[in-house]
Amino acid sequence: AFAGLKVTASHNGDYPPDVKRIKWDRRSSYSRDPAAVSGNCSGALALNLTALRGANPIVLVGYDMRGDHWHEDHPEPTNLKKLEKSFKPGIERMAPYLAAAGVEVFNVNSESALRCFPFREIAEFQ
């Protein structure tokens, strides 16, 4: 029932006609192409998409990068090793590209293992 933009970078499976498929650029750390996103986890893809859609600043809520994911299980479980070796470094590699594009990103979870963005209190953005 959500009336806003719905996108997927997945090209597997059936999606309703109102879900836009977007290219997944798996080779670069950050996509500047509005028809593609880069990243190696859904959090990175969402961050890239949000920047491409013009959000500034971007406030990260729930990017703790400590432990498991916040949705149904994948066929193969996401584990801390994958988080530390792939997901977190992927977002860290994206940070300088976002800064160069003039996009401010703030993390409101002071317990986050993701340390590449400045921390703020969520109340500053309400």
>> Suppose we screen for salt bridge (Lys or Arg N to Asp or Glu O under 4.0 Å). Which residues come up paired with E92, at least two apart in sequence or across chains?
In response: K88
>> Could you go through Y97 and S38, starting from their C-alpha distance and side-chain angles, then the distance that decides it, and tell me whether this counts as side-chain contact (heavy atoms from CB on, under 4.5 Å)?
In response: CA-CA 11 Å; Y97 292 97; S38 293; over 6 Å; no
>> Any heavy-atom pair between the side chains of D33 and D25 that's under 4.5 Å?
In response: no
>> If hydrophobic clusters are built by linking Ile, Leu, Val, Met, Phe, Trp and Tyr wherever their side-chain heavy atoms come under 4.5 Å apart, do V37 and V7 end up in the same one?
In response: yes
> Got more than 12 heavy atoms from elsewhere within 6.0 Å of CZ, F106?
Replying inline: yes
>> Assess the residue pair N48 and S31 against the criterion (side chain to side chain donor-acceptor pair (under 3.5 Å)); give the C-alpha distance rounded to whole Å, side-chain angles, the decisive distance to 0.1 Å, and a yes or no.
In response: CA-CA 7 Å; N48 195 170; S31 173; 4.7 Å; no
>> If you count every heavy atom of other residues, nucleotides or ligands that lies below 6.0 Å from E124 atom CD, does the total exceed 12?
In response: yes
> For R115, does the CZ atom sit with more than 12 other heavy atoms under 6.0 Å from it, leaving out its own atoms?
Replying inline: yes
>> Going by the rule side chain to side chain contact (heavy atoms under 4.5 Å, CB included), which residues pair with A95 if we only count those two or more places apart in sequence or in a different chain?
In response: C116, F117
> Would you call M94 and N40 a side-chain contact if the rule is heavy atoms closer than 4.5 Å?
Replying inline: no
>> Could you work out, with side-chain hydrogen bond (donor to acceptor under 3.5 Å, both in side chains) as the rule, every residue matching T50, not counting sequence neighbours?
In response: none
> What pairs with K6 under salt bridge (Lys or Arg N to Asp or Glu O under 4.0 Å), at least two apart in sequence or on another chain?
Replying inline: D18
> Is any side-chain heavy atom of Y63 less than 4.5 Å from a side-chain heavy atom of N109?
Replying inline: no
> Any side-chain heavy-atom pair from I122 and V61 closer than 4.5 angstrom?
Replying inline: yes
> Who passes salt bridge (Lys or Arg N to Asp or Glu O under 4.0 Å) against E121, sequence neighbours left out?
Replying inline: none
> Can you pull the ring-ring contact (aromatic ring centres under 6.0 Å, His included) pairs that have at least one residue in residues 4-38, sequence neighbours excluded?
Replying inline: none
> Tell me, do I22 and T8 make a side-chain contact under 4.5 Å, heavy atoms counted?
Replying inline: no
